[in-house]
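Working notes, beginning with the structure itself.
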Amino acid sequence: MDELLERKEPTKGLPPLEGAENGVVMRFAPNPNGPPTIGSARGIIVNSEYVKRYGGKFLIRFDDTDPVKKRPMPEAYGWYIEDCTWLEAKPDGIITASERVYLYYRIAEELICRNGAYICLCPQAIFKEFKDKGIPCPHRDQLSEKNMELWKMMLDGSFAEGQAVLRVKTDMYHRDPAIRDWPAFRIATTPHPIAGERYRVWPLLDFESAVEDHLLAITHILRGKDLADSEKRQMYLYQHLNWTYPKVIHWGRIRIHQFGSFSTSKLRKAIEGGEYNGWDDPRIPTVRALRSRGFRPEALRKFIIELGVSETDIAISMDSIYALNRKLVDPEANRYFFVWNPVLLRLEGNVPNNAKALLHPNKKRGFREIPAGNEIFICQNDSKILKPGEEIRLKDLCNIEILSDIPLRARFAGLEVIKGLKIIHWAPKNGLPIRVLRPDGQDEGIGEPGIAQELGKVVQFERYGFVRIYQLGEPLLAYFAHK
RNA sequence: GCUCCGGUAGUGUAGUCCGGUCAAUCAUUCCGGCCUUUCGAGCCGAAGACUCGGGUUCAAAUCCCGACCGGAGCACCA
């Protein structure tokens with residue numbers, strides 16, 4: 001009976017975590033070689049959400065142990081903390097691997113003593129042959145004392161880069177070649193951006209991550225499918241040291257329709273080359289870009305949590321995030337007129353010099369005043385469909401009758417609202433020059449002066465979409481959020 | 001090539017472990033209508049999916065086998 005009722009429970013959001021009843025310790029472990037992207041946001045949000053649900057600790061750990069190929073960016077460490085905090089996932093602890101290499105050395109030595117690892121002097125290509133064939137290399141049977149001696153030589157500089165690695169003993173006959181005796185430490189003499197020249201022997205991800213997860217008493221690991229083999233590899237290390245492995249959940253790759261494929265290193269190049277305005281350019285999928293565009297963290301959290309943690313690869317659309325954010329932002333955003341691709345419209349007759357328009361259509365938030373008069377701007381798109389003789393309404397101003405299309409002229413035709421009349425918006429002749437930066441390009445035009453008072457806020461440009469006022473000036477800069 | 005993982009509407013997702021209540025959930029998108037001095041919001045309605053083929057069973061989205069498709073790992077990257 002209980003079973004039946006249990007099965008009826010709909011699972012909303014994230015599925016329950018096995019073995020989490022007494023709290024969890026979870027970590028988000030990025031390489032700080034750029035700012036967090038939407039992909040990183042998934043790691044930040046899901047981990048922190050589980051910690052919120054079950055109680056415990058949410059840690060951020062910088063896996064920054066490659067000074068060469070995945071070279072960390074010193075500014076990025078702070079960016080991660082900043083974006084985590086903005087995403088309502090302030091870490092309870094910050095760990096930086098490059099500051100803790102000495103701890104990994106201790107574990108390595110323990111491992112060598114227990115005969116769980118050996119120094120391998122095979123050139124990389126040679127070892128690959130052994131591995132593919134499934135036969136132990138000549139160094140595998142070295143005595144633990146010999147390994148310790150060679151290890152010290154690695155540390156003291158007796159070996160050059162590439163001459164020696166420390167390998168964890170797994171099973172050279174394992175059916176999956178990816179699991180066989182994997183490397184734990186290699187020599188890298190390039191100075192590290194944070195640790196400088198303090199270390200010349202650096203751990204590789206599988207070792208660093210496995211050891212840290214144990215040291216930090218991580219209970220549950222969420223990781224991408226690309227690291228699906230890591231548990232199998234690291235399990236051997238845990239067995240050698242008699243540790244207990246955390247519970248692991250994998251998720252599939254995530255692609256975003258609107259952004260296509262991207263990588264942090266590619267973005268970095270494009271930004272350094274001036275192709276983008278920076279790490280918050282609306283055309284790129286970073287968390288800071290979303291912030292600049294006026295997204296609310298709740299929208300992002302909700303979206304990511306609804307994605308769940310399936311192992312299926314997914315191709316998501318920003319549309320869902322847009323819809324979620326629109327719901328949050330619509331009641332807050334003041335309304336303004338922005339005329340893109342403006343064309344001048346000359347008006348005859350007693351056009352009011354001022355218009356009064358609601359700041360919000362259905363919240364009682366008062367009015368804004370817009371200078372009007374006999375010359376105003378309208379969108380080129382609107383102008384194209386106007387025919388002489390037609391009567392339309394300028395929103396919140398007056399009705400007009402079109403006199404001619406080229407040149408564009410019209411005359412005042414009354415103030416009273418007439419149902420059924422086509423309505424267009426407009427901007428004052430001496431309005432604000434505005435440039436809107438969009439994910440798909442940019443728009444330029446004229447807006448009403450009140451927009452300048454909304455710096456940093458999200459507003460709606462009527463008939464255009466929601467934007468965040470990014471920077472005052474000539475022109476004023478706005479970042480487009482969504483329709 | 002070897003190894004692993006996955007395939008529910010356009011997109012995500014629930015259901016798959018423990019077969020029946022699934023002629024399959026929710027959201028988004030699209031379409032139609034209402035409302036509205038925004039093409040926004042809101043309201044109403046509609047459309048749309050179990051990859052395929054076998055097998056087990058009274059009964060299969062759910063279990064088994066095979067095929068197909070997709071992804072990942074096989075780095076001295078993370």
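Proteins get letters first, then strands, A, B, ... in listed order; numbering begins at 1 in each. Computed from heavy atoms alone, side chains included, the values below leave out hydrogens, waters and symmetry copies.
Contacts between residues 207-214 of chain A and RNA chain B, counted as heavy-atom distances below 4.0 Å, involve no residue at all. Residues from residues 152-167 of chain A that place a heavy atom under 4.0 Å from any atom of RNA chain B, listed by number: A:G162, A:V165. Of the residues in residues 32-45 of chain A, none lies under 4.0 Å from RNA chain B by heavy-atom distance.
For the pair A:E18 CD and B:C17 C1', the computed distance is 11 Å after rounding to whole Å. A:Y322 has its OH atom 15 Å from the P atom of B:A41, to the nearest Å.
Side chain of A:V417, nearest nucleotide from B:A78, B:U37, B:C76: B:U37. Side chain of A:K327, nearest nucleotide from B:U37, B:G42, B:C76: B:G42. Distance from the side chain of A:N362 is smallest for B:G40 among the nucleotides B:U29, B:G40, B:C76.
The side-chain hydrogen bond (donor to acceptor under 3.5 Å, both in side chains) test applied to A:E161 returns A:T189, not counting sequence neighbours. In this structure, A:E332 has no salt bridge (charged side-chain N to carboxylate O under 4.0 Å, His left out) partners at least two apart in sequence or on a different chain. Under the rule for a side-chain hydrogen bond (donor to acceptor under 3.5 Å, both in side chains), A:R200 has no partner lying at least two apart in sequence or in another chain. Take A:D443 and apply the side-chain hydrogen bond (donor to acceptor under 3.5 Å, both in side chains) test, not counting sequence neighbours, and it matches A:Y464.
Taking only distance into account, the side chain of A:R393 meets the base of B:U37 through a donor-acceptor pair shorter than 3.5 Å. Between the side chain of A:K69 and the base of B:C77 there is no donor-acceptor pair of N/O atoms closer than 3.5 Å.
Counting heavy atoms of neighbouring residues, nucleotides and ligands inside a 6.0 Å radius, atom NZ of A:K302 does not exceed 12 of them.
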Atom pairs under 3.5 Å, N or O on each side, protein against nucleotides 72-74 of chain B: can you list them with distances?
residue	atom	partner	partner atom	Å
B:A72	O2'	A:K225	O	3.4
B:G73	O2'	A:D229	OD2	2.9
B:C74	O3'	A:K131	NZ	2.5
B:C74	O2'	A:K131	NZ	3.4

If a pair means Watson-Crick or G-U wobble with both distances below 3.5 Å, what does RNA chain B look like in dot-bracket form, with | marking bases paired to a different strand? (((((((..(((.......[.....)))..((((.......)))).....(((((..]....))))))))))))....

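Comparing B:U8 with B:U62, their P atoms are spaced 13 Å from each other, to the whole Å. For B:C26 and B:A14, the P atoms lie 14 Å apart once the distance is rounded to whole Å. Between B:C17 and B:A72, the distance separating the two P atoms is 29 Å to the nearest Å.
Judged by the 6.0 Å distance and 45° axis criteria, A:R468 is not positioned over the aromatic ring of A:Y479.
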Between side-chain atoms of residues 116-131 of chain A and protein atoms elsewhere (two or more places apart, or another chain), which donor-acceptor pairs fall under 3.5 Å?
residue	atom	partner	partner atom	Å
A:Y118	OH	A:D181	OD2	2.6
A:K128	NZ	A:D132	OD2	3.2

Quick tally for nucleotides 45-51 of chain B: nucleotides whose base has a protein heavy atom under 4.0 Å get B, sugar-phosphate-only ones S, the rest -, giving -------

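Sorted by first and then second residue, the pairs that involve residues 362-372 of chain A and meet salt bridge (Lys or Arg N to Asp or Glu O under 4.0 Å), not counting sequence neighbours, are A:R368-A:E448, A:R368-A:E462.
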